[in-house]
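For reference, the structure is listed below as C-alpha cells.
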Amino acid sequence: MAKGRMHSLNTILIHGGIDGDERTGAVNIPVYQTSTYKQIRLGENTGYEYSRTGNPTREALEKLTAELEQGRYGLAFASGMAAIAAVFTLFSSGDKILISKNVYGGTFRILDKIFVNFGITYQFVDTGDIAEIEKNLTKEVKAVLVETPTNPLLEVTDIAAVAETAKKHGVLTIVDNTFMSPYLQRPLTLGADIVLHSATKYLGGHSDLIAGIVVVDQEELAQKLYFIQNSTGGVLGPNDSFLLIRGIKTLGVRMERHQQNAGKIAEWLKTKNWVKEVYYPGLPEHPGYKIQNRQADGAGGMLTFELKKKYDYRIFINSLKIITLAESLGGVESLICQPASMTHASIPPKIRERIGITENLLRLSVGIEDYEDLLADIKQAAEKAEA
C-alpha cells in the first residue's frame, strides 16, 4: 500500500482517481465527447484547451491507473502498441534495449521493423538470469524491458533483482504488466521505472475496447512521456476512457475468478496423458513459483500447454465449443490461440523454435465461465484430436 493510502485496492478500483462528477453529482465520470474547449479569455482557460492535450474523461482514467499501480503519473494511449511506441520514443539513435527472450510478438516487431530505422537496437536476454543481464549491460544499453510472466511461456522474472541491477548501471527498468494487472502485481513498488499495459486485456476485461496505459513515478519521466503523448497524438478517446474506467471497477472480482479457474484447469491438464507440458506459475513445480509468490498476489488467468505430437492441434482447436479461437486475452470469455501462427508469427521461426514456441503450443486465456464446462470442452476436443 502506498504512503498515505487510506483504502484497500478493491475500494480504489471503484473510487480511485476522480470519483464521480463534482459539478452534477453523477456517480460516473461523464464522457466529455469534445475536441476543444471554450477559453475564458486570451491566455486563460479552465485547465483544458484541446482534447489531444487533455480530456477530463481520459484524465480520470489516467489518475485511476496511476493510483492502482502506486505511481504518480498515468498516461492513456489508443492501444497497447501506441503505449509501447511512446516509451521507445524516449530513446535515441545508438541506444540498445534488452528484452525478455519470449516477449510479445508485437513488441519484437516494433523494435525489429520500426525503431531499428531510427538506430535503436535490441537484444534478447533471459531476464530470469541476473548474471546474463549484467553481462550484457554495455554502455549502449539504456533499458531492460521485462514481461513477467512472459507471453506465451509464462516464465517469471524477479522484478526487484532486475531493477536493482539496472539502477547500478543507470539503466531504466520497463515492465509489461498486462498479464498480471495491478490487482496482482505492482512493479513500481519493486523498483521498476515504467509500467506498461495493453489495457485492452484485463483492465478493460470485456473484449470491447483497445487501449494502452503507461504509469511512472518520476516527474522527469512523466514530463518526457507527456510531451511524446501530446506531440505524437496517439491518445485514448473519451468514450473508450469511460469504458475502461467501467471495466476497471470489476477488475478485482474478475481476476479472482480468472485465476481460480486457471489454477483448477492447470492442475487438471498436468494429469492428462495427451499433454506434454503445462506452463502456469501457480503450479508448485513451475521454476518461477517462489518468485511469483513473493512479488505478486496470485498467478493470474493465463496458462499455456503443449499437446503431445500425436494430437492434432488444428482438430483440437476446431473442436472447441465454448472456448473461442481468437487473438487477445483477459476478457470474461475464454480465448485460445496458437502463438506460432498468431501472436508470435512476427518472430522468425528459428527464434520461436529455440525458445520453445512450437506448433503444438497453445495459449489459453481462462475466462470466468463455470470451470467444469471449460474442462468438459477441453476434454472432448482432445478426444477428437488424437490421430
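Owing to the predicted nature of the structure, the values given are computational and were not obtained by experimental measurement.
Salt-bridge annotation for Arg246 and Asp240: absent, with no side-chain N of the basic residue lying under 4.0 Å from a carboxylate O of the acidic one. A salt bridge links Asp217 to Arg72: at least one charged side-chain nitrogen sits closer than 4.0 Å to a carboxylate oxygen.
Sorted by first and then second residue, the pairs that involve residues 40-80 and meet ring pair (Phe, Tyr, Trp, His ring centres under 6.0 Å), not counting sequence neighbours, are Tyr37-Tyr48.
Proximity of a side-chain donor or acceptor of Lys308 to a complementary backbone N or O of Asn273 within less than 3.5 Å is detected. No side-chain donor-acceptor contact under 3.5 Å links Thr107 to the backbone of Val103. Not one N or O on the side chain of Gln292 forms a donor-acceptor pair closer than 3.5 Å with the backbone of Pro149.
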Do any side-chain atoms of residues 93-101 form donor-acceptor pairs under 3.5 angstrom with protein atoms, and if so which ones, sequence neighbours left out?
from	atom 1	to	atom 2	distance (Å)
Asp95	OD2	Ser92	N	2.8
Lys96	NZ	Gln123	OE1	3.3
Ser100	OG	Thr127	OG1	3.1
Ser100	OG	Glu147	N	3.2
Lys101	NZ	Glu155	OE1	3.3
Lys101	NZ	Glu155	OE2	3.1

Acceptor/donor pairs from residues 164-175 side chains to any protein atom, 3.5 angstrom cut, sequence neighbours excluded:
from	atom 1	to	atom 2	distance (Å)
Thr165	OG1	Ala161	O	2.9
Lys167	NZ	Gly191	O	2.5
His169	NE2	Glu134	OE2	3.2

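The side-chain heavy atoms of Gln260 and Ile368, taken from C-beta on, include no pair separated by under 4.5 Å. Side chains of Asn151 and Arg363 form a contact here, defined as non-hydrogen atoms less than 4.5 Å apart.
Taking Thr200 as the reference, Ser198, Ile210, Ser328 meet the side-chain contact (heavy atoms from CB on, under 4.5 Å) condition, with sequence neighbours excluded. The ring pair (Phe, Tyr, Trp, His ring centres under 6.0 Å) search around Phe108 returns Tyr122, Phe124, not counting sequence neighbours. In this view, Glu369 and Ile322, Glu333, Ser334, Leu374 satisfy the side-chain contact (heavy atoms from CB on, under 4.5 Å) rule, not counting sequence neighbours.
Aromatic ring centres of His258 and Tyr202 lie closer together than 6.0 Å.
Side-chain atoms of Asn360 and Glu306 include no donor-acceptor pair closer than 3.5 Å. Checked by atom type, the side-chain pair Gln33/Asn239 shows no donor-acceptor distance below 3.5 Å. No hydrogens or angles considered: a donor-acceptor pair under 3.5 Å links the side chains of Asp176 and Thr178. Glu62 and Gln229 are linked by a side-chain donor-acceptor pair at a separation below 3.5 angstrom, with hydrogens and angles left out of the test.
Minimum heavy-atom separation, Thr57 to Ile245: O-CD1, 3.9 Å.
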- Query: Which is it for Glu267 and Lys264 under the salt bridge (charged side-chain N to carboxylate O under 4.0 Å, His left out) test, yes or no, and what are the steps along the way?
  - Reply: CA-CA 5 Å; Glu267 289 284 358; Lys264 289 176 179 177; over 6 Å; no
